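Just follow the structure's listing: the first ligand is 1, and inside any ligand the first atom is 1. In this text, all values refer to a predicted model and were calculated from it rather than measured experimentally.
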Amino acid sequence: MSNTSLDSDPPASPLLPLETYRIKSLPPNAYYIPSFLTPQESTTLLLQISNHPWTSLTHRRLQPHPAPLTPSGHLLTTKSLPEYLVSPIIDRILSLSFTSPCSSSVESGSDKNGNGIFTNSPHSRPNHVLINEYPPGTGISPHEDGAAYFPVVCTVSLGAHIILQVTPKRKDTIDDNSNREEEENNPPKIYKIFQEPNSLLITTDEMYTEHLHGIEAVEVDEGLTDKTVANWELLGDETKIRILEGGGRVRREEVRISLTYRDVLKVKDAGKVFGGRVLGRR
Ligand SMILES: O=C(O)CCC(=O)C(=O)O
Ligand SMILES: [Fe+2]
């Protein structure tokens, strides 16, 4: 007789309405969900990821699923996302709701067309996942994700913690000396978001369109306090204790892997692209 309680780890905590996870100290809008995946789910996912080929960049590696975007920002493929990237992550993302408790629909995704984070996106769900691998001491330069995507990014972190730095985009001040002076006197605010392993970070709206994000290429993150970490209140107790005991310094001891879920606006079915002519819209 099988006893599932013996061979599975405890289920992920029921998801609460999105508002519960809002990072209140940030411009609108960002949400941070600790323990979005269970340790067992994260181990299984890491194993699946390791079975697929990586594209190597200078300091890090990545996997675009189901395919890389074309230079013009199109998703051109006949494939859809593999099942291990859909369940449980997309099901759970779609079950997150702005209005009602969503614990009963966590696995079925039954709330997906209600009042969720992808309700107004063209495909009503993420259709692309970029997996990035960061060995300790590596990062990603400040950038914006741009117009190829619906402005919602859902990032799952695995392996090790990382600090995402978010900063308002500079206004165009090239010929404006007074603005330049003002910016020199008031350096732009840098927000730090501490991403624990197995967490989900959602950024959207002004956070997506008016800010740059990046990760410093360091082995030790420093200056972390309840004042400098934007999502301090949403962190687990163990993490807070680790930061406090380290005097605001935390070493990145392991490789961190992120899965970035987005809805690419323009999708073309590679099977319908013929002689350079697109016969189907999606
Ligand atoms: O790894 C991350 O958390 C950020 C990745 C990122 O910014 C991107 O893929 O555009
Ligand atoms: Fe990005």
**Q.** Thr155: numbered ligand 1 atoms lying under 4.0 Å from its heavy atoms
**A.** 3 (O)

Q. Looking only at heavy atoms, is any part of Leu201 under 4.0 Å from ligand 1, and if so is it the side chain, the backbone, or both, or is it neither?
A. neither

Q) Is Leu265 linked to Val129 within one hydrophobic cluster, defined over Ile, Leu, Val, Met, Phe, Trp and Tyr using a side-chain heavy-atom separation of less than 4.5 Å? A) yes

Q | Residues clustered with Ile193, ILVMFWY side-chain links under 4.5 angstrom | A | Ile23, Leu26, Tyr32, Tyr134, Ile140, Ile162, Ile163, Leu164, Val166, Tyr191, Phe194, Leu201, Met207, Ile215, Leu224, Val229, Trp232, Leu234, Leu235, Ile243, Leu244, Val250

Q | salt_bridge(Glu216, Lys192) N-O dist < 4.0 Å | A | no

Q | Lys/Arg-Asp/Glu bridge criterion (N-O < 4.0 Å) met for Asp221, Arg249 | A | no

**Q.** Ser35 and Asn198: side chain donor to acceptor below 3.5 Å
**A.** no

Q. Taking the non-hydrogen atoms of Arg60, is any one of them nearer than 4.0 angstrom to ligand 1?
A. no

Q) Should Gln195 be counted as touching ligand 1, given the test is an N or O pair under 3.5 Å? A) no

Q | Salt bridge Glu133-Arg61, side-chain N to carboxylate O under 4.0 Å | A | yes

Q: Please indicate whether His59 has more than 12 foreign heavy atoms, meaning atoms of other residues, nucleotides or ligands, lying under 6.0 Å from its NE2.
A: no

Q) What protein heavy atom is closest to atom 9 (O) of ligand 1, reported as residue, atom name and distance in Å? A) Asn132 ND2, 3.2 Å

Q | Close-contact set for ligand 1 against Leu130 heavy atoms, below 4.0 Å | A | 9 (O)

Q. Do ligand 1 and His143 have nitrogen or oxygen atoms that lie under 3.5 Å from each other?
A. yes

Q: Using a strict 4.0 Å threshold on nitrogen-to-oxygen distance, state whether Arg125 and Asp263 make a salt bridge.
A: no

Q) Quick one: are the ring centres of Tyr208 and His213 less than 6.0 Å apart? A) no

**Q.** Proximal atoms of ligand 1 relative to Tyr134 (non-hydrogen, under 4.0 Å)
**A.** 1 (O), 2 (C), 4 (C), 5 (C)

Q) In this structure, are over 12 heavy atoms from other groups packed under 6.0 Å from Glu233 atom CD? A) no

Q: Heavy-atom distances under 4.0 Å are what count here, so tell me which part of Glu144 touches ligand 1: side chain, backbone, both or neither.
A: neither

Q | For atom 2 (C) of ligand 1, the option (of Glu133, His213, Arg256) bearing the nearest heavy atom | A | Arg256

Q) Should the ring pair Tyr149 and His128 be called parallel, tilted or perpendicular, given that the plane angle runs from 0 to 90° and is split at 30 and 60? A) tilted

Q. Under 4.0 Å from any heavy atom of Asp145, which atoms of ligand 1 are there?
A. 10 (O)

Q: Count up the protein N, O or S atoms sitting under 2.8 Å from the Fe ion (ligand 2), would you?
A: 3

